[in-house]
Amino acid sequence: MKINISKGIYLPIQKSEPIKTSVPLRSSIQTKILLIYLCTIIIIMLVSGTYIVYQIEHDNFKDMQQIMQNVSRHIAASENEDIEASAGNISDNYEIYKLDADGRVIDNTTAELEIGEKVYSDVVIAAIVNQAEANLTFKHFSSLMSRDTYLEHARPMSDGSIIYVRAKTAVMYDNMSKIIKIIAIGLVLAMLITGLCGFTFASMLTTPIKALTANSKKLATGNTINRIPVEACDEIGELTQSFNYMASRLSATMEVVTSEKNKLEKIFEHMADGVMAFNQQGILIHVNSVCYEMLGNDNMGPNFEMIFEKLGIDVSFDRLLAGEHYESADEYAIIDDKYLKMQFDAYLNAKGEAEGLVVVIQDVTKQQKLDQMRKEFVANVSHELRTPLTTVKIYTETLIDGAIDDRENAMHFLSVMDKEADRMTALVQDLLELSRIDNKQIQLNFVLLDLQDIINEVVEAQHVHIMNKGHSISVHYDESISYLTKGDVFRIRQILHNILSNAIKYTIEEGKITISMCKQGGKIEISVQDTGMGIPETDLGRIFERFYRVDKARSRKLGGTGLGLSIAKELMSLHEGDIEIESKVGEGTLVKLIFKEAEYEDYDFD
């Protein structure tokens with residue numbers, strides 16, 4: 001399975017699709033209802049038609065049989081030898097014959113059977129043999145296919161002759177055929193009417209169902225739907241009402257789910273930590289952009305094993321999914337100079353079973369560097385204090401051992417001890433100053449001031465040190481304009497003292513120091529340029545770190561604590577200013593102090 005991974009995007013592995021039926025709903029429900037109607041009417045018409053035809057045929061048979069029995073009975077009771085005269089007024093459909101004891105015709109009313117012709121009918125034979133009247137047992141619908149059939153009756157006479165009466169069934173079946181045609185036409189008409197009514201009724205029934213189905217498909221695809229009108233107060237109406245309620249609740253739920261999903265995506269995307277999620281098969285299904293930034297595109301992959309194999313972290317997906325705890329509390333994955341801490345945890349489904357794994361990656365590089373800086377700070381403070389304390393301790397012991405009696409050496413020792421004490425005092429004062437800045441305990445008295453005055457004051461204060469080193473100093477700015485800014489006079493003077501003091505100390509004797517000031521774009525820039533030893537480019541990035549020295553031995557010899565630039569940087573930040581340093585080894589250093597120029601509303605016109 002191939003999965004394309006996008007930053008901050010959920011990657012579903014499977015997508016459920018709505019079930020598709022092989023027969024469309026319209027042809028299915030309507031056709032079934034219509035067929036049910038048609039089948040019902042066909043069955044009813046066939047059953048009722050068959051019963052009617054059967055009953056008519058049965059009644060006709062009974063009537064014909066009754067007529068033949070009455071005719072034979074009347075002839076048998078008559079004393080007239082002429083059977084036609086004895087039969088009376090009877091339909092031409094009936095044939096009457098008088099047979100002898102052998103079944104031969106001795107008299108007739110029609111020429112269908114001639115005189116002397118023998119009759120082999122089962123009815124005649126039964127009457128001769130049994131000497132009792134006999135009737136032909138009729139079979140229903142027997143003459144529909146063969147129209148030359150007869151209904152027969154035979155009655156024995158007292159003189160041994162037989163009265164044989166028969167009637168053609170063709171006329172009866174002609175009438176029945178007409179009835180069947182009428183029933184067939186009625187069936188066709190009934191089917192047409194039933195089909196029309198059935199289609200109408202089916203449409204009335206299926207229209208709301210089709211509306212429900214169409215809206216269900218829209219809901220399944222995540223689209224919004226309009227409320228379906230309830231047109232009846234029956235079961236379909238109740239179903240429509242229930243669907244409308246369900247749709248409204250589902251729409252509200254989907255809005256909440258979508259809102260929560262978008263919220264979670266935004267939270268994941270803007271988290272400071274990297275997040276990865278894997279499904280039960282170990283396939284990556286979610287990752288935010290922070291994770292890419294932390295791990296790098298080259299270390300990413302489609303599954304758990306590939307990613308952590310590239311990172312060189314020995315973890316088992318199956319064990320973590322089974323609940324084995326792993327947290328790199330004391331170990332860190334180091335990637336591109338970044339320290340990464342990883343936490344793994346399984347997420348559960350509704351049944352409480354592990355469904356996948358979440359990995360949270362924290363970038364603890366800053367914490368690591370802070371820990372390292374704290375260690376270095378403690379080491380530096382210890383080292384800075386140890387050297388003067390050791391010197392004081394040695395000279396104190398020397399004085400105790402008797403050197404105090406030698407006035408010249410004693411004074412020298414005391415002078416060294418005094419310098420070391422001053423050095424420790426300066427170090428402690430600088431540390432206290434930084435501590436107050438860090439803890440925001442420093443109090444600044446912001447006033448409107450002119451930087452010309454402060455530069456002149458600082459240069460005048462450092463004049464002795466400049467002369468002692470044999471340096472030449474020049475100050476350049478336009479005296480016709482004011483360089484006004486808002487700040488604390490004492491702190492800005494302290495900043496300039498630190499910068500100028502460094503320029504004096506780290507410039508070789510008889511060097512040149514240039515101070516210039518100008519306005520540009522709402523800013524006031526003070527530049528201090530020296531011709532000193534310079535700072536290597538590799539050290540410029542760390543020059544503002546506490547206790548950082550380019551030349552540690554020379555710095556200590558010159559009395560530096562390694563905190564001056566750090567204090568200057570912090571104080572400039574408190575004044576919403578900036579400090580920049582440019583330097584080349586052997587050519588000197590340029591320090592730029594950038595202050596905000598006072599705005600019009602800052603001016604005091606009183």
Under the 3.5 angstrom rule, does the side chain of Asp539 hit a backbone N or O of Ile535 as a donor-acceptor pair? no
Under 3.5 Å: donor-acceptor pair, side chain of Asp530, backbone of Gly588: no
Can you check whether Ile579 reaches Phe544 side chain to side chain, under 4.5 Å on heavy atoms? yes
More than 12 foreign heavy atoms under 6.0 Å from NZ of Lys596: is that the case here? no
Let's go through His465 and Lys469 carefully: what are the C-alpha distance in whole Å and the side-chain angles of both, what is the deciding distance for side chain to side chain contact (heavy atoms under 4.5 Å, CB included) to 0.1 Å, and is it a yes or a no? CA-CA 6 Å; His465 300 291; Lys469 294 276 291 192; 5.8 Å; no
Check whether more than 12 heavy atoms from other residues, nucleotides or ligands sit under 6.0 Å from atom OH of Tyr347, and answer yes or no. yes
Val257 vs Glu260, test: side chain to side chain contact (heavy atoms under 4.5 Å, CB included). Steps then yes/no. CA-CA 5 Å; Val257 170; Glu260 291 298 321; 5.8 Å; no
Whether Asp418 side chain and Leu414 backbone form a donor-acceptor pair below 3.5 Å: no
Is there side-chain contact between Thr485 and Leu449, with heavy atoms separated by less than 4.5 Å? yes
Give a yes or no on whether the backbone of Glu255 and the side-chain of Ser259 come within a donor-acceptor separation of less than 3.5 Å. no
How about Asp298: does its CG atom have over 12 heavy atoms from other parts shown lying under 6.0 Å from it? no
Distance-only, no hydrogens or angles: does the Asn303 side chain make a donor-acceptor pair with backbone N or O of Met306 under 3.5 Å? yes
Say you draw a straight line from CD1 of Ile361 to CG of Asp273; how long is it, rounded to the nearest 0.5 Å? 9.0 Å
Exercise: identify the closest heavy-atom pair between Glu457 and Arg493: OE1-NH2, 2.7 Å
Distance-only polar pair, side chains of Asp318 and Ser316, donor-acceptor under 3.5 Å: no
dist Asn297:CG -> Met300:CE (nearest 0.5 Å) comes out at 8.0 Å
To the nearest 0.5 Å, tell me how far Ile313 CD1 sits from Met342 CE. 3.5 Å
Side chain to side chain contact (heavy atoms under 4.5 Å, CB included) assessment of Gln280 paired with Glu353: CA-CA 10 Å; Gln280 201 168 17; Glu353 301 170 346; over 6 Å; no
Quick one: closest heavy-atom pair of Ala277 and Leu284, and the distance? O-CD1, 3.4 Å
More than 12 non-hydrogen atoms from neighbouring residues, nucleotides or ligands closer than 6.0 Å to CD on Glu355, yes or no? yes
Are side-chain heavy atoms of His286 and Val358 found at a separation under 4.5 Å? no
Give the minimum heavy-atom separation between Lys338 and Met294, together with the two atoms involved. CE-O, 3.1 Å
Taking the inter-plane angle between the rings of Tyr483 and Tyr477 on a 0 to 90° scale, is it parallel (under 30°), tilted (30 to 60°) or perpendicular (over 60°)? perpendicular
Got a second to check how far Lys523's NZ is from Cys518's SG, nearest 0.5 Å? 13.0 Å
Neighbour count above 12 (heavy atom, 6.0 Å) for Lys512 NZ: no
Scanning both residues in full, the closest heavy-atom pair of Leu593 with Leu496 reads CD1-CD2, 3.5 Å
Would a 4.5 Å heavy-atom cut-off, applied to side chains only, mark His471 and Ile473 as touching? no
From CA spacing to verdict: side chain to side chain contact (heavy atoms under 4.5 Å, CB included), Ile581, Leu590: CA-CA 6 Å; Ile581 295 182; Leu590 171 64; over 6 Å; no
Search all heavy atoms of Ser527 against all heavy atoms of Lys592 and return the closest pair with its distance. OG-CG, 3.9 Å
Do His463 and Val459 touch side chain to side chain, with heavy atoms closer than 4.5 Å? no
Would you say the side-chain atoms of Ser248 pair up with the backbone N or O of Asn244, donor to acceptor, closer than 3.5 Å? yes
On the 0 to 90° scale, with breaks at 30° and 60°, tag the Phe278-Phe317 ring pair as parallel, tilted or perpendicular. perpendicular
Drop me the distance from Leu357's CG to Leu321's CG, to the nearest 0.5 angstrom. 6.5 Å
Within-4.5 Å side-chain heavy-atom neighbours: Ile515 and Leu500: yes
Does the side chain of Ser474 reach to within under 4.5 Å of the side chain of Thr514, using non-hydrogen atoms? yes
Which pair of heavy atoms, one from Gly274 and one from Val290, lies closest together, and at what distance? N-CG1, 3.9 Å
Between Asp578 and Lys569, is there a salt bridge with N-O shorter than 4.0 Å? yes
Report yes if some heavy atom in the side chain of Val359 is under 4.5 Å from a heavy atom in the side chain of Ile307; otherwise report no. no
Rounded at 0.5 Å granularity, tell me how far CD in Gln443 sits from CZ in Arg491. 10.0 Å
